[in-house]
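Structure first, then comments.
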Amino acid sequence: MEIIKIILVTGLAAMTILSGIFKLSGNKKLAETMATIGVAQYMPLLGIAEIVFALLFLYPPTRSIGFILLICYFSGALATDLSHKRAVTAPLVFLILLFTTAYINNPGLLF
């Protein structure tokens, strides 16, 4: 069970960090998508936020605050996608994985 916990936390953090790196690298397709939403100028800030929040979630003593910050971040992404009538798959998948991982690691965190 401990191995599953490590895989879930590391996998979720890695996906989030990779997403942040794409935002920092100025990926052309991602920049176009962000421009249609109206947040292209905030891409570097969003990328840094994703990386920092994922690192907080990855480090066990700060996992709770990282969990809260990631929930806020992906909930905002979900709300933005809903308001622009875009597919909500990506933020929804991240939120489901985040809650699942947090529950498996510490059921008391959610209740």
Side-chain angles (χ1 to χ4, degrees):
M1 189 63 163
E2 205 58 39
I3 294 172
I4 292 172
K5 290 179 185 180
I6 292 169
I7 290 171
L8 284 172
V9 169
T10 307
L12 182 62
M15 289 189 309
T16 307
I17 290 170
L18 186 61
S19 174
I21 290 171
F22 280 141
K23 285 179 180 71
L24 286 175
S25 71
N27 183 310
K28 193 170 196 124
K29 183 167 173 43
L30 183 60
E32 291 171 6
T33 303
M34 298 293 251
T36 61
I37 298 172
V39 295
Q41 68 271 22
Y42 302 113
M43 266 182 48
L45 182 62
L46 293 171
I48 290 169
E50 270 187 291
I51 293 168
V52 169
F53 298 164
L55 290 174
L56 286 171
F57 185 69
L58 195 57
Y59 186 56
T62 60
R63 185 162 292 149
S64 296
I65 189 70
F67 171 71
I68 293 168
L69 291 170
L70 283 172
I71 286 175
C72 293
Y73 183 87
F74 288 116
S75 295
L78 181 66
T80 302
D81 286 347
L82 283 171
S83 67
H84 287 86
K85 294 182 174 68
R86 298 177 39 81
V88 295
T89 310
L92 200 55
V93 167
F94 272 101
L95 282 169
I96 290 169
L97 284 173
L98 185 61
F99 275 103
T100 304
T101 302
Y103 180 75
I104 289 172
N105 275 299
N106 182 7
L109 186 65
L110 300 177
F111 298 107

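Computed from a predicted structure; not experimentally measured. Because only heavy atoms are used, hydrogens play no part in the values below, and waters and symmetry mates are left out as well, while side chains stay in. Here, residue 1 is the first one in the sequence, and each next residue gets the next number.
Among residues at least two apart or in separate chains, there is no ring-ring contact (aromatic ring centres under 6.0 Å, His included) pair with a member in residues 14-56. Listed by first and then second residue, the salt bridge (charged side-chain N to carboxylate O under 4.0 Å, His left out) pairs involving residues 99-111 amount to none (not counting sequence neighbours). Listed by first and then second residue, the side chain to side chain donor-acceptor pair (under 3.5 Å) pairs involving residues 2-15 amount to none (not counting sequence neighbours). Residue pairs meeting the side chain to side chain donor-acceptor pair (under 3.5 Å) criterion with at least one member in residues 30-39, sequence neighbours excluded, do not occur. Evaluation of the salt bridge (charged side-chain N to carboxylate O under 4.0 Å, His left out) test over residues 68-96, restricted to residues two or more places apart or in two chains, returns D81-R86. Under the side chain to side chain donor-acceptor pair (under 3.5 Å) criterion, the residue pairs touching residues 43-58 are S19-E50, K23-E50, E50-Y73, with sequence neighbours excluded.
Connection of I6 to L18 is not established within any shared hydrophobic cluster, with ILVMFWY side chains joined at heavy-atom distances below 4.5 Å, either directly or through further cluster members.
Residues I51 and I17 approach most closely at CG1-O, 4.0 Å, considering heavy atoms.
Other residues sharing the hydrophobic cluster of I3, ordered by chain and number and joined by side-chain separations under 4.5 Å: I7.
Judged as a side-chain contact (heavy atoms from CB on, under 4.5 Å), and not counting sequence neighbours, the contacts of N106 are L109. Listed by chain and residue number, I4, T101, I104 satisfy the side-chain contact (heavy atoms from CB on, under 4.5 Å) test with L8 (two or more places apart in sequence, or in another chain). Partners of A40 according to the side-chain contact (heavy atoms from CB on, under 4.5 Å) rule, which considers only residues two or more places apart in sequence or in another chain, are M34, A35.
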Could you pull out all donor-acceptor pairs under 3.5 Å where a side-chain atom in residues 59-66 meets a protein atom, sequence neighbours excluded?
| residue | atom | partner | partner atom | Å |
| --- | --- | --- | --- | --- |
| T62 | OG1 | L56 | O | 2.7 |
| T62 | OG1 | Y59 | O | 3.2 |
| R63 | NE | F57 | O | 2.9 |
| R63 | NH2 | L58 | O | 3.1 |

Can you give the donor-acceptor pairs under 3.5 Å from side chains of residues 88-97 to other protein atoms, not counting sequence neighbours?
none

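A distance of 9.5 Å separates CG of L45 from CG of L24, quoted to the nearest 0.5 Å.
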Query raised in the report: Between I37 and T80, is a side-chain contact (heavy atoms from CB on, under 4.5 Å) present by the stated rule, with each step listed?
Result: CA-CA 8 Å; I37 298 172; T80 302; 3.2 Å; yes

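For the pair T16 and L98, the minimum side-chain heavy-atom distance is 4.5 Å or more.
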